Amino acid sequence: MAKKLSSLIDSEVSIANEIAANDGIESIKKILTKLNPDALVRKKQIRRTGLPDLLDTENKKIILRFAPNPNGPLTLGHSRGIVLNSQFAKKYNGKVVLRFDDTDTKVKPPMLEAYKWIEEEYEWISGSPADIVIRASERMPIYLDYAEKMISKGFGYVCRCSSGEFKKLRDAGEVSPYRNRSIEENLNDWSAMLDGKMKAGEGVVRVKTPTDLPNPALRDWPALRIQHGEHPIVGKMYKVWPLLDFQSAIEDHEQRVTHIIRGKDLMDSTRKQKLLYEHFGWDYPETMYWGRVKVFEFGGFSTSGMRKSIMESEYSGWDDLRLPTIKSLRRRGFDPSSLRSFWLDLGLTQKDISISMQTIESFNIKKIDPITPRRFFVRNPIKLKMSWKGKNKKFNDILKIQNHPNSTNLDDVRKWRFNEFEETLFIENNDYIKWDKFRLKDFADVSKIDKHCKVESIERQDNRQIIHWLLESISREAVLHIPQGNNIMIHEGIIENYNLEEGKIYQFERVGFAKIENITPGKPIKLIWLHS
RNA sequence: GCUCCUGUGGUGUAGUACGGUCCAUCAUACCGGGUUUUCAUCCCGGCGACCCGAGUUCAAAUCUCGGCAGGAGCACCA
């Protein structure tokens, strides 16, 4: 068949070549136009844009979930989960459950403030609040109930081995000596656990799985353990707490979650949970994974690590400019839609990737550049006296500078008032060193001798360097804070003091985008660096 | 060690289910040019990749096998 096809193609091609040779390529085009006009258009491969399709969505109310641990505020990494889940929900007209997985009081204890932070950050990132918000700690009775059901039905048991003992047995291919005890004995131990008669580490509830599972990580996995510590929300009400794999599995079922999108580090979690679903006779949700993400500019940050460093005053707080937290990104002035475009562009793949803040920044620049007003910020200012070539010449005493170079509205300007005898201005030290003749942007060509500059022409005469500058009467001290690796660089300078608003982002010409964090009378204005 | 996942330019991504339409898409970065009274934006052009090897086939990024590399799980964390 293939050979026939090939020889057919060969003969057709030679016929076509002959026609082309005799009558020119145009005649081929004519024939094709008649026969099959589509053949003339070289089909480019179609680029799939946006998210891939979710599997198994027919006749279903799509429910997704985002389940952070409230042991601190959200980081850049979390935002991927929010963007992906909320975007899928939008695509399928479904809902997202924001679930706080706060069942650990010891290793990653919940932080009370973090609950409201995260709810708020979720809304900031996705553009709308989560459809449903639940806290695992408040749904404990449900989990404990299922745990008891599991023991009563014989597919769960209380194992009193230490973790070390169990690991040893498991790796040797053996089972826990507690595995085959009666349901009554297990129920007894279970109530001892619940009553607080067993101490942490003395017992754990395990899910029975096939013992010959090739993946040792899945064999008789632990579902609940004892924790006598205090929980910031429910206090000391419970002595037994579910582990993630159990709590999450039960809650996904309770919320009728249809699709789970999670990091691929949780692949074994899916496998464990499927085993549990089989015991209960439930259908497991469709699951998709994303790979590990490393951000070039930020090393390895964990929420608990940051928490510790903040406690030790290594960082000023969760919104420290050097931290990859959502709080920090917001403080700097990133637009949430840039984060969304960024993660959506990356899509959902299982590849482990290294990304650069530069890419997010480029999305952000495209977003904010058209609407960001311009101002001048002069770092390391050098004070110059201005004089006029020839006689003391009078010019317009109001200098108008466009708020934005692409603005078509001629009234959208900032105004600098020249005093009649104003003759003091500032330029950047770098420019001072580098140029003897330059053009003060939007004003005049000047030449410089020592600390004096002479106005040569209001009109542009040549293509000398254009620099930004400031009249003394419109300047005010400002300090720009730039995060750089593990440091914060401080640039002192003067800012163009024209209609400045706290919390607003400006583009400082020839410097970059920065946000005015605060304007306090008598103090320099505080600027926070966004990007160039 | 056991189990699992992933390999497309500097970075990220499309294409891979059903091999040909792919001398491989788009973005970002970088380089060059243009517009611009910002070293911003915008526009144009360029650069550069199918992990390796073998096999199947007329035809392989795509299928098979074998390597190699990177990552994850094996917590009484999430």
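Note that the structure is predicted; figures quoted are calculated from it, not measured.
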Problem set entry | Length of the line joining A:Leu348:CG and B:U6:P, which is rounded to integer Å | 12 Å

For this session: Classify the nucleic acid contact of A:Asp104 as base, sugar-phosphate or nothing, counting any heavy atom under 4.0 Å across all strands shown.
Result: sugar-phosphate

Exercise. Does A:Arg225 place a side-chain N or O at less than 4.0 Å from the phosphate oxygens OP1/OP2 of B:C77?
Worked result: yes

For this session: Could you check whether A:Thr372 gets within reach of a base, just the sugar-phosphate, or nothing at all, counting any heavy atom under 4.0 Å?
Result: nothing

For this session: Remember a base hit wins even if backbone is also touched, and classify A:Gly291 as base, sugar-phosphate or nothing at under 4.0 Å, heavy atoms.
Result: nothing

For this session: Considering only NZ, NE, NH1 and NH2 on the basic side and carboxylate oxygens on the acidic side, decide whether A:Asp352 and A:Lys264 come within less than 4.0 Å.
Result: yes

Exercise. Think A:Lys272 has a side-chain N or O under 4.0 angstrom from the OP1 or OP2 of B:G73?
Worked result: no

Exercise. What integer distance in Å separates A:Lys351:NZ from B:G71:C1'?
Worked result: 13 Å

Exercise. Is the distance from OP1 or OP2 of B:A29 to the nearest side-chain N or O of A:Ser356 less than 4.0 Å?
Worked result: no

Exercise. Is there a side-chain polar atom (N or O) of A:Lys106 under 4.0 Å from OP1 or OP2 of B:C77?
Worked result: no

For this session: Have a look at A:Ser304 and say if it touches a base, only the backbone sugar-phosphate, or nothing, with a 4.0 Å heavy-atom cut-off.
Result: nothing

Exercise. For A:Arg170 and B:A75, is the shortest distance between a side-chain N/O and OP1 or OP2 below 4.0 Å?
Worked result: yes

Problem set entry | Note: A:Arg170-A:Asp220 ion pair, threshold 4.0 Å (strictly below) | no

Exercise. Base, sugar-phosphate alone, or nothing: which one does A:Leu224 contact when heavy atoms must sit under 4.0 Å apart?
Worked result: nothing

Problem set entry | Whole-Å gap separating C1' (B:C74) and CG (A:Leu169) | 15 Å

Seminar exercise, completed: Closest to the side chain of A:Lys108, out of B:C77, B:C76, B:U6, is B:C77

Problem set entry | Residue A:Lys367 excluded, over 12 heavy atoms near NZ under 6.0 Å | no

For this session: Check the distance between B:U28's C1' and A:Phe363's CZ and give it to me in whole angstrom.
Result: 8 Å

For this session: Treat primed atoms plus P, OP1 and OP2 as sugar-phosphate and everything else as base, then score nucleotides 30-42 of chain B 5' to 3': B for base contact with protein heavy atoms under 4.0 Å, S for sugar-phosphate contact only, - for none.
Result: -------BBBBBS

Exercise. With a 4.0 Å cut-off on heavy atoms, is A:Cys161 in touch with a base, just the backbone sugar-phosphate, or nothing at all?
Worked result: base

Seminar exercise, completed: A:Arg160 CZ to B:C76 C1', in whole Å, measures 14 Å

Exercise. Reckon A:Leu244 touches a base, only the sugar-phosphate, or nothing at all at heavy-atom distances under 4.0 Å?
Worked result: base

